[in-house]
Amino acid sequence: MLYIGIDLGTSSVKLLLMDEKGAILKTVSREYPLFFPQAGWSEQNPEDWLKESVAGIRELTAGVDKSQIAGIGCCGQMHGLVILDENDKVIRPAILWNDGRTSEETDYLNTVIGKSKLSEYTANIAFAGFTAPKVLWVKKHEPENFSKIVKVMLPKDYINYMFTGTFCTDVSDASGMLLFDVKNKCWSKEMLDICGLKEEQLPKIYESADTVGTLKESVAEELGLSASVKVCAGAGDNAGAAVGTGTVGNEICNISLGTSGTIFITSKDFRVDPNNALHAFAHADGNFHLMGCMLSAASCNKWWQDNVICSTDYNGEEAKIPAELLGKNRVFFLPYLMGERSPINDTEARGTFIGLSADTDRAAMKLAILEGVAFAMRDSFEVAKSLGLNIEISRICGGGAKSALWRRIFANVLNIDICTVETEEGPGYGGAILAAVACGEWKTVQQASTELLKIKETVSPEPELAALYEERYKQFRQIYPTIKGLFPVLNKI
């Protein structure tokens, strides 16, 4: 049998076709627009996701025996607010995970409601990217739109709803809404009251590999597939990527270098960082995980290449960086282009170069960007270590992970082994695996993921270079606290 995995990303939807042995037979990618109505805002039209997902599936399955397609699993960008009216029409563009407009609502939740209460209700505190602050923003700034809300959902749940007619979400994606009681895997009545929502406005909760329904007749006809094709609940993109890299079970680590960057650590037991610097979420394997998320990771590299030096030659720019500069770069970069989440939780923070001198060249600045992302990721890594987690190895995935230089930097900045897996399709592969489990190919997500995922390459830290980066990291940690107070002032100019 064949399974379709969907990765509903920020810039594009990526789809893949997997057979019952885990082999990827074909991949397709289709882009859609991203809108920035104001500085710090980020929106998309859900109809664009649906249009390109449908077109992508048709392209993916062209020339394939469609009777063999048994299931579809969708993993997608987390936290985005999608609201529908009584006619199932999208009320306003989706407010995305990297949107920073909700600083006032986030402050209200963290200070007036209080971080301790939020952690008690949801196991997390408020971050500007989370869904609940977005709900409060719409309630305050667009009351007419708020009054029309019949359904609140997440991006990939919109696809599942349009495909099956089932109003659903999964535990991993729901965990990032700040409306979900992660420990007990149910909606938080307290948070619904705070946000002015009723439980019937929120989707039914499923485990990630649960079947939520089959394709609607009209959708099946449009896709050219059987109406008996099963659709599973799917997962948030980070949990999906974890499944797709074999990051399941207990105390397994994965680093994702996509538009955003995450460090994802699995746990069989529910646990919470007492300072809530890391997110405590349910995992797609039925257990839990801790996650640190930075808003700009590989997107920092893309910004430098596309917007600043106007070059698409990523490898060529890396080749200009002299090996002897690693660990000795006097230039630092704070990768806060869209503000930041873990662990500083500061919507006002911005990207910053520091240490420039008359002999600074673009190679040093390019290296500073790669190092800055790794340093910022280590901030969350240090929080995990403070909880007693002993992490000696991590998988790595995402577009940024294709860079051998960046993998080497990460290995030495974190001082751990960094591994790539043979199949590097991340959330899309995770979605296909979840669909296969839903259809009975494997009994559990962990069994499927463990059997299918194999380590391809390991980059180990180099003692001398790791020692140099240890000193550079100590310097990096001093920069943000020193200039933090400037950001709110500069952002008003």
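Not measured: the values here are computed from a predicted model.
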* Any chance you could lay out the side-chain contact (heavy atoms from CB on, under 4.5 Å) test for Val413 and Glu371, step after step, and finish with the verdict? => CA-CA 8 Å; Val413 168; Glu371 291 173 334; 5.7 Å; no
* To do: Would you check, one step at a time, whether the test side-chain contact (heavy atoms from CB on, under 4.5 Å) holds for Leu136 with Thr102?
  => CA-CA 8 Å; Leu136 289 175; Thr102 63; over 6 Å; no
* Give the C-alpha distance, both sets of side-chain angles, the deciding distance and a yes or no for salt bridge (charged side-chain N to carboxylate O under 4.0 Å, His left out) between Asp269 and Arg271. => CA-CA 6 Å; Asp269 301 317; Arg271 63 174 81 192; 5.1 Å; no
* Asked: Please walk me through it: do Trp97 and Thr10 pass side chain to side chain donor-acceptor pair (under 3.5 Å)?
  -> CA-CA 9 Å; Trp97 59 273; Thr10 311; 2.9 Å; yes
* From CA spacing to verdict: side chain to side chain donor-acceptor pair (under 3.5 Å), Lys302, Asn307 -> CA-CA 8 Å; Lys302 180 176 173 60; Asn307 293 19; over 6 Å; no
* Test side-chain contact (heavy atoms from CB on, under 4.5 Å) on Thr211 and Val231 and set out the steps. => CA-CA 6 Å; Thr211 299; Val231 177; over 6 Å; no
* Asked: Should Ser208 and Asp170 be marked as a side chain to side chain donor-acceptor pair (under 3.5 Å) after you check the CA-CA gap, both sets of side-chain angles, and the distance that decides it?
  -> CA-CA 5 Å; Ser208 297; Asp170 84 289; 2.8 Å; yes
* With side chain to side chain donor-acceptor pair (under 3.5 Å) as the test, would you mind laying out the steps for Asn415 and Glu470 before giving the verdict? => CA-CA 9 Å; Asn415 201 18; Glu470 183 67 29; over 6 Å; no
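Residues satisfying the salt bridge (Lys or Arg N to Asp or Glu O under 4.0 Å) criterion with Glu471, sequence neighbours excluded, are Lys474. Qualifying salt bridge (Lys or Arg N to Asp or Glu O under 4.0 Å) partners for Arg407, counting only residues two or more places apart in sequence or in other chains: Glu457. For Glu31, the salt bridge (Lys or Arg N to Asp or Glu O under 4.0 Å) criterion is met by no residue, not counting sequence neighbours. Evaluation of the ring pair (Phe, Tyr, Trp, His ring centres under 6.0 Å) rule for Phe180 yields Trp187 as partners, not counting sequence neighbours. For Asn275, there are no side chain to side chain donor-acceptor pair (under 3.5 Å) partners two or more places apart in sequence or in a different chain. Applying the side chain to side chain donor-acceptor pair (under 3.5 Å) rule to Ser188 yields the partners Glu190; only residues at least two apart in sequence or on another chain are considered. Residues passing the side chain to side chain donor-acceptor pair (under 3.5 Å) test with Arg341 are His79, His279, sequence neighbours excluded. Trp442 meets the side chain to side chain donor-acceptor pair (under 3.5 Å) test with Glu451; sequence neighbours excluded. Not a single salt bridge (Lys or Arg N to Asp or Glu O under 4.0 Å) links Glu318 to another residue, sequence neighbours left out.
For Glu348 and Lys484, the salt-bridge test fails: no basic side-chain N is under 4.0 Å from an acidic carboxylate O. Note on Glu207 versus Lys185: salt bridge recorded, some NZ/NE/NH1/NH2 to OD/OE distance being below 4.0 Å.
Side-chain contact between Leu387 and Pro274: present, with at least one pair of heavy atoms (C-beta onward) separated by less than 4.5 Å. In this structure, Ile418 and Ile255 have side chains that are in contact, with non-hydrogen atoms separated by less than 4.5 Å. In this structure the side chain of Ile354 never reaches within 4.5 angstrom of the side chain of Phe333, judged on heavy atoms. Between Tyr32 and Trp49, the closest side-chain pair of non-hydrogen atoms falls below 4.5 Å. Side-chain atoms of Thr27 and Leu15, non-hydrogen and from C-beta on, never get closer than 4.5 Å to each other. Residues Ile57 and Phe163 are in side-chain contact: their nearest non-hydrogen atoms beyond the backbone lie under 4.5 Å apart. At a threshold of 4.5 Å between non-hydrogen side-chain atoms, the residues Asn124 and Leu118 do not count as touching. Residues Met78 and Phe281 have side chains in contact (heavy-atom distance under 4.5 Å, counting atoms from C-beta outward).
Lys151 NZ to Asp157 CG: the interatomic distance, rounded to the nearest 0.5 Å, is 13.0 Å. Taking CG of Leu452 as the reference point, atom OG1 of Thr423 lies at 8.0 Å (rounded to 0.5 Å). Atoms CD1 and OH, from Ile194 and Tyr108 in turn, are 6.5 Å apart once rounded to the nearest 0.5 Å. For the atom pair Thr169 OG1 and Leu154 CG, the distance stands at 5.0 Å (nearest 0.5 Å). Atoms CG and CD, on Asp285 and Gln447 in that order, are 13.5 Å from each other to the nearest 0.5 Å. The structure places CG of Leu179 at 6.0 Å from CG of Leu192, a figure rounded to the nearest 0.5 Å.
Here the closest non-hydrogen pair linking Gly71 and Cys439 is CA-SG, 4.0 Å. In terms of heavy atoms, Leu34 sits closest to Glu43 at CD1-O, 3.6 Å. When all heavy atoms are compared, the tightest approach of Val445 to Ala209 is CG2-CB, 3.8 Å. Residue Cys74 comes nearest to Asn160 through the heavy atom pair CB-OD1, 3.9 Å, listed as atom of the first residue, atom of the second, then distance. Nearest heavy atom pair, residue Ile265 against residue Cys253, reads CG1-SG, 4.1 Å. Taking all atoms of both residues into account, the shortest heavy-atom contact from Leu17 to Ile4 is CD1-CG1, 3.8 Å.
Under the 6.0 Å distance and 45° angle rule, Lys268 does not count as a cation-pi partner of Phe288.
Between Tyr161 and Tyr158, the ring centre distance reaches or exceeds 6.0 Å.
For residues 111-120, the set of pairs meeting the side-chain hydrogen bond (donor to acceptor under 3.5 Å, both in side chains) definition, not counting sequence neighbours, comprises Ser119-Asn276. The stretch residues 103-113 participates, sequence neighbours left out, in these salt bridge (Lys or Arg N to Asp or Glu O under 4.0 Å) pairs: Glu104-Lys140. Residue pairs meeting the ring pair (Phe, Tyr, Trp, His ring centres under 6.0 Å) criterion with at least one member in residues 230-269, sequence neighbours excluded, are Phe264-His283, Phe264-His289.
Between Tyr480 and Tyr336, the two ring planes are perpendicular [angle over 60°; tilted spans 30° to 60°]. Between Tyr473 and Phe476, the two ring planes are parallel [angle under 30°; tilted spans 30° to 60°].
Inspection of the Ser42 and Asn98 side chains reveals an N or O donor paired with an N or O acceptor under 3.5 Å. Between the side chains of Gln77 and Lys156, no donor N or O sits under 3.5 Å from an acceptor N or O.
Of the candidates Val383, Val373, Leu414, Ile263, Arg378 forms a side-chain contact (heavy atoms from CB on, under 4.5 Å) with just one, namely Leu414.
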